[in-house]
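None of these values were measured; they are calculated from a predicted model. Throughout, a chain's letter reflects where its sequence line sits, starting with A, and its residues are numbered from 1.
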There are 2 protein chains.
Amino acid sequence: MRRDVFQAIADPTRRAIILLIASQAMTPNAIAEHFDTTRQAVSKHLRVLTECELVKQKQNGREIYYELEVKKMKDIDKWLDQYKKIWENRFNQLDNLLLTIKKQNKK
Amino acid sequence: MRRDVFQAIADPTRRAIILLIASQAMTPNAIAEHFDTTRQAVSKHLRVLTECELVKQKQNGREIYYELEVKKMKDIDKWLDQYKKIWENRFNQLDNLLLTIKKQNKK
DNA sequence: AATTTGCGAAACCAATTAGTTGCGTATATA
DNA sequence: TATATACGCAACTAATTGGTTTCGCAAATT
């Protein structure tokens with residue numbers, strides 16, 4: 001099963017769950033109360049998040065607290081890094097210029 | 001149709017396309033040559049990327065060059081920002097501690 | 001001990017999506 | 001003008017996904 005961080009954050013409900021548990025670990029029922037959905041649906045989202053290690057479980061009696069593994073979000077940041085160089089140093093403007101010149105030479 | 005940046009980068013092929021055109025605008029055919037897939041498949045991915053404005057087209061005769069709209073990636077960075085505070089300032093460790101204390105009080 | 005509560009897992013369904021095939025159209029080339 | 005090339009678009013298929021329902025199990029409550 002293909003499970004990576006990018007696929008996990010693609011779903012808006014999952015992003016909402018991430019935001020919700022970012023400040024406070026919560027049980028599936030508690031999370032479900034915040035949305036117009038069932039506990040089971042939340043449970044499936046939590047499974048996806050757990051599988052890609054964006055979230056970890058902490059059992060406490062019969063309750064399972066879900067906690068955000070914030071560190072895992074660095075993966076996204078790392079991926080963004082290669083493009084940050086481009087947008088920060090405005091290399092893209094340079095690329096545009098080069099492309100325009102190339103087109104004109106063809107004519 | 002639900003089209004946002006997060007959904008766009010969820011697909012590994014689309015991330016590969018983004019990487020490919022980041023340094024150099026390319027035509028669908030040129031992009032397709034880099035992958036084990038057809039031009040039409042690439043074309044569909046480019047449509048998704050165009051719809052969420054991660055990519056823009058530049059027609060040149062019968063060729064259409066696809067260019068990365070790097071600025072749009074800032075949207076992802078903005079979203080990450082709220083969590084960056086957490087992982088950088090190690091607030092998560094504090095949260096863990098608070099949660100542990102809470103559990104112990106329950107017992 | 002019986003019941004309730006919190007949960008995951010499996011079976012199922014509807015919607016979405018990635019990919020293919022087969023068009024039509026516009027630009028370039030012979 | 002006829003042909004080849006570059007492309008988007010629509011119809012179709014197979015796989016995936018979000019969600020529901022139902023079940024069983026373990027922990028808590030009565």
Check: How about A:L19 and A:H34: do any of their side-chain heavy atoms sit closer than 4.5 Å?
Finding: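 Side chain of A:L19 against side chain of A:H34, heavy atoms only: no contact under 4.5 Å found.
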
Would you say a side-chain N or O of [X] is under 4.0 Å from OP1 or OP2 of [N]?
X: B:H45; N: C:dG19; result: yes
X: B:T37; N: C:dA18; result: no
X: A:Q59; N: C:dC7; result: no
X: A:S43; N: D:dT20; result: no
X: A:T38; N: D:dT20; result: yes
X: A:N29; N: C:dT5; result: no
X: A:Q57; N: C:dC7; result: no
X: A:T50; N: C:dG8; result: no

Quick one: does [X] reach the base of [N] with a side-chain donor-acceptor pair under 3.5 Å?
X: B:R39; N: C:dG19; answer: no
X: A:Q40; N: D:dT22; answer: yes
X: B:R62; N: D:dA6; answer: no

Next item on the list: Run the salt-bridge test on B:R15 and A:D4 with the 4.0 Å N-O cut-off and return the result as yes or no.
Entry: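 Result for this pair is yes, salt bridge flagged.
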
Just how far, in rounded Å, is [atom2] of [N] from [atom1] of [X]?
X: B:L49; N: D:dG8; atom1: CG; atom2: P; answer: 12 Å
X: A:E63; N: D:dA28; atom1: CD; atom2: C1'; answer: 10 Å
X: A:K44; N: C:dA15; atom1: NZ; atom2: P; answer: 16 Å
X: B:I17; N: C:dA18; atom1: CD1; atom2: C1'; answer: 12 Å
X: B:R47; N: C:dT20; atom1: CZ; atom2: P; answer: 16 Å
X: B:L46; N: D:dA6; atom1: CG; atom2: P; answer: 16 Å
X: B:Y66; N: D:dA6; atom1: OH; atom2: C1'; answer: 11 Å
X: B:E33; N: D:dC7; atom1: CD; atom2: P; answer: 10 Å

What nucleotide among [options] has an atom nearest to a side-chain atom of [X]?
X: B:R3; options: D:dG19, C:dT17, D:dC7; value: C:dT17
X: A:I64; options: D:dG8, C:dC7, D:dG18; value: C:dC7
X: B:D11; options: D:dG18, C:dA18, C:dC7; value: C:dA18

Margin query: On DNA chain D, compare the nucleotides closest to A:G61 and A:D36; which residue's is nearer the 5' end?
Written below: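 Of the two residues, A:D36 wins.
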
Notebook entry, point to check: Is a side-chain N or O of A:R14 found less than 3.5 angstrom from the main chain of A:A8, in a donor-acceptor match?
Noted result: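 Looks like yes, one N/O pair under 3.5 Å.
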
Next item on the list: Report yes or no: do B:Q57 and B:Y65 form a side-chain donor-acceptor pair below 3.5 Å?
Entry: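 No, no side-chain donor-acceptor pair sits under 3.5 Å.
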
Next item on the list: Say whether A:F6 and B:F6 are linked into one hydrophobic cluster, either directly or through other cluster members, by side-chain heavy-atom distances under 4.5 angstrom.
Entry: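 In one cluster: yes.
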
Next item on the list: From the options B:L49, B:L46, B:I17, select the one residue that forms a side chain to side chain contact (heavy atoms under 4.5 Å, CB included) with B:L54.
Entry: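 Filter result, single survivor: B:L49.
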
